[in-house]
Number of protein chains: 2
Amino acid sequence: MDSIDLRLIELLRENARSSYAELARKVGLSAPAVHERVGKLEAAGTIQGYRAEVDHEALGLGVTALIGIIEDSGADTDDVLAALRAMPEVESCYFMAGVESYQLTVRVGSIAELEQLIVRINRTPGVASTRTAIALSTKWENRPQPHLG
Amino acid sequence: MDSIDLRLIELLRENARSSYAELARKVGLSAPAVHERVGKLEAAGTIQGYRAEVDHEALGLGVTALIGIIEDSGADTDDVLAALRAMPEVESCYFMAGVESYQLTVRVGSIAELEQLIVRINRTPGVASTRTAIALSTKWENRPQPHLG
DNA sequence: GGCGCAGGTCGATGGAGTCCATACTGAAGA
DNA sequence: TCTTCAGTATGGACTCCATCGACCTGCGCC
C-alpha cells in the first residue's frame with residue numbers, strides 16, 4: 001500500500017470505469033502493473049466493489065429518510081439485523097453508540113410507502129421504537145475523500 | 001427507460017466495471033446497442049457516475065459518525081453549505097425536515113479528529129448546535145435496491 | 001404506399017485486457 | 001563486496017472488447 005496504490009484508489013473512486021490503460025498513464029506505470037495492483041487491492045478487500053451512482057428520483061425512489069431504531073431490552077440483535085436486511089428499501093445500516101442502536105438510510109417512492117415501511121420496522125420483533133427524519137434534498141452523497149499523500 | 005434500461009442500471013450498480021460485451025450477453029442485446037443505451041442514461045443524468053467502494057478502515061478512516069446540525073435563526077444556508085462542502089471529511093449531506101437542518105455522514109481517522117471536526121463545525125457561522133452519533137460498526141452501506149420490473 | 005426515424009444487428013479495426021517470460025531493484029546474508 | 005532472492009515492473013503476443021459505419025427492421029404519419 002504505497003502512494004501509487006492510494007492514487008489508483010482515488011482515481012477509481014472518481015471514475016470506476018477508467019480503463020487500466022488510462023490509470024496506467026495517470027500513475028506512470030504500465031497497464032499490466034496497474035492491473036496487478038488493482039487485483040491485489042481487490043483481493044485484500046481494500047477495494048470492495050464498483051458501483052454505478054444513479055439518480056434515485058429518476059428511478060422512482062424520490063423519498064430518502066433516515067430512521068433511528070431503539071431496540072427492546074433483550075432483543076436478539078441478529079434477528080433484528082436479519083429483518084432489516086430483508087427490507088430492500090434499507091440502503092445503509094449502522095450499529096450506533098447511544099440510545100438508538102441502529103441508524104438506517106432508506107429510499108422509497110412516496111411518503112405513503114415510507115409510512116408503510118416505518119410500520120413494518122416498528123412491528124419487527126426486537127424493535128421498541130423508531131424516529132424518522134425525512135431528507136428534503138440531497139446536497140451530496142458518497143463524496144470520495146481525497147488523499148493527502 | 002424500459003425494462004432493459006432498468007436491468008442495465010441494476011447490473012452496473014452491482015458491478016460498475018462490467019464490460020459492454022458482458023452487459024450485452026446478460027440483457028440479450030448486441031454490445032453497440034448496450035453502449036448506446038448506457039451512454040444515453042449517462043447523458044440523461046440517470047447514471048451519475050461510477051465509484052469504487054473501499055474499505056475505509058484500511059485507508060485510515062476507521063471512524064464513521066452521523067452529525068445533525070441545528071442552524072441559527074437567520075443563518076445563510078448557502079454559506080453553511082459551502083463551509084460544510086469545504087470539509088473533506090463530510091462524505092454526505094442531506095437537508096432535512098425537522099429541527100436539525102442538516103444531517104451529515106463524516107469519516108475521520110480517530111476520535112480525536114472527530115472532536116476537532118465537531119469543534120470546527122460548531123464554530124462555523126450559522127451553526128447553532130450539533131448532535132453527533134458514532135457508528136460502532138457498519139452493517140452495510142449503499143446497497144443497491146433491486147428493481148421489481 | 002412511401003417516407004423518415006428510432007433503434008437494432010453485423011463487420012471491421014484500432015486499442016485494451018491479460019498472460020507470460022524476462023529484467024530490474026533493494027535487502028539480507030556469506 | 002558479491003550473491004541470492006523476493007517482489008515488482010516491463011515488453012511482447014494474443015485474445016477480446018470498444019466503437020464506428022453501413023445496413024436492416026418496425027412503426028407512425030403524410
Side-chain angles (χ1 to χ4, degrees), chain A residues 1-62 109 142 144-149, chain B residues 1-62 109 142 144-149:
Chain A
M1 170 69 66
D2 59 8
S3 69
I4 292 184
D5 281 344
L6 290 174
R7 188 81 208 291
L8 287 173
I9 288 171
E10 192 177 343
L11 290 169
L12 285 169
R13 293 203 74 190
E14 284 163 12
N15 179 12
R17 280 184 79 77
S18 309
S19 68
Y20 290 119
E22 188 179 345
L23 296 172
R25 281 191 290 272
K26 287 184 178 166
V27 302
L29 289 180
S30 65
V34 168
H35 184 253
E36 187 176 347
R37 277 173 177 265
V38 172
K40 282 181 182 170
L41 288 169
E42 291 169 356
T46 309
I47 295 178
Q48 296 175 331
Y50 304 95
R51 298 265 166 73
E53 294 265 310
V54 302
D55 177 358
H56 293 95
E57 202 136 350
L59 296 175
L61 295 173
N142 298 129
Q145 184 159 341
H147 264 285
L148 317 166
Chain B
M1 172 66 67
D2 59 8
S3 70
I4 293 184
D5 281 344
L6 290 174
R7 189 81 209 291
L8 287 173
I9 289 170
E10 192 177 344
L11 291 169
L12 285 169
R13 294 203 74 190
E14 284 164 11
N15 179 12
R17 279 184 79 76
S18 310
S19 67
Y20 290 119
E22 188 180 345
L23 296 173
R25 281 191 291 270
K26 287 184 178 165
V27 302
L29 288 180
S30 66
V34 169
H35 185 253
E36 189 176 346
R37 277 173 177 264
V38 172
K40 282 181 181 169
L41 289 169
E42 292 170 356
T46 309
I47 294 178
Q48 296 174 331
Y50 305 96
R51 298 265 166 75
E53 294 265 308
V54 302
D55 176 358
H56 294 94
E57 201 136 352
L59 297 176
L61 295 172
N142 297 129
Q145 184 159 341
H147 262 284
L148 319 164

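The basis for the numbers below is simple: all heavy atoms, side chains too, and nothing from hydrogens, waters or symmetry mates. Every chain is numbered from 1, with letters handed out A, B, ... down the list of sequences.
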Visitor: State, yes or no, whether a side-chain contact exists between A:Ile4 and A:Val34 at a heavy-atom distance under 4.5 Å.
Guide: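 A:Ile4 vs A:Val34: side chains apart.
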Visitor: Partners of A:Glu14 by side-chain hydrogen bond (donor to acceptor under 3.5 Å, both in side chains), sequence neighbours excluded?
Guide: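 A:Glu14 satisfies side-chain hydrogen bond (donor to acceptor under 3.5 Å, both in side chains) with no residue once adjacent residues are dropped.
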Visitor: Which whole-number value in Å describes the distance from B:Glu22 CD to D:dC17 P?
Guide: 9 Å
Visitor: Output all residues satisfying side-chain hydrogen bond (donor to acceptor under 3.5 Å, both in side chains) with A:Asn15, sequence neighbours left out; order by chain, then residue number.
Guide: none
Visitor: For residues 14-40 of chain A, which residue pairs qualify under ring-ring contact (aromatic ring centres under 6.0 Å, His included), counting only residues two or more places apart or in two chains?
Guide: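 Pairs touching residues 14-40 of chain A that pass the test: A:Tyr20-A:His35.
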Visitor: Report the residues that fulfil side-chain hydrogen bond (donor to acceptor under 3.5 Å, both in side chains) with B:Tyr50, sequence neighbours left out, ordered by chain and then residue number.
Guide: B:Glu42
Visitor: Sequence neighbours left out, what passes side-chain contact (heavy atoms from CB on, under 4.5 Å) with A:Ala58? Give chain and number order.
Guide: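 side-chain contact (heavy atoms from CB on, under 4.5 Å) list for A:Ala58, sorted by chain: A:Asp55, B:Thr46.
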Visitor: Are side-chain heavy atoms of B:Arg37 and B:Leu29 found at a separation under 4.5 Å?
Guide: yes
Visitor: Is the closest side-chain heavy-atom distance between A:Pro146 and A:Glu10 below 4.5 Å?
Guide: yes
Visitor: Identify, residue by residue, the members of residues 42-54 of chain A with a heavy atom below 4.0 Å from DNA chain D, and return them in order of residue number, or none.
Guide: none
Visitor: List for me each residue that meets salt bridge (Lys or Arg N to Asp or Glu O under 4.0 Å) alongside A:Arg17, sequence neighbours excluded, and say none if there are none.
Guide: none
Visitor: Decide yes or no for B:Leu41 and B:Leu12: does some side-chain heavy atom of the first lie under 4.5 Å from some side-chain heavy atom of the second?
Guide: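 The answer is no; the side chains never approach within 4.5 Å.
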Visitor: Quick one: list whatever passes side-chain hydrogen bond (donor to acceptor under 3.5 Å, both in side chains) with B:Asn142, sequence neighbours left out.
Guide: A:Asn142
Visitor: Is there a residue in residues 11-20 of chain B whose heavy atoms reach under 4.0 Å of DNA chain C, and which residues are they?
Guide: none
Visitor: Taking protein heavy atoms under 4.0 Å as touching, what does nucleotides 7-13 of chain C look like 5' to 3' if B marks base contact, S marks sugar-phosphate-only contact and - marks none?
Guide: SSBB---
Visitor: Contact between A:Val54 and B:Gln145 at the side-chain level, heavy atoms closer than 4.5 Å - yes or no?
Guide: no
Visitor: Do the side-chain N or O atoms of B:His35 get closer than 4.0 angstrom to the phosphate oxygens (OP1, OP2) of D:dT19?
Guide: yes
Visitor: Only counting residues at least two apart or in another chain, list the ones meeting salt bridge (Lys or Arg N to Asp or Glu O under 4.0 Å) with A:Glu57.
Guide: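 Testing A:Glu57 for salt bridge (Lys or Arg N to Asp or Glu O under 4.0 Å), a comparison that skips the adjacent residues, returns none.
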Visitor: Taking only N/O atoms, report every protein-nucleotides 25-28 of chain C pair under 3.5 Å with atom names and distance.
Guide:
none

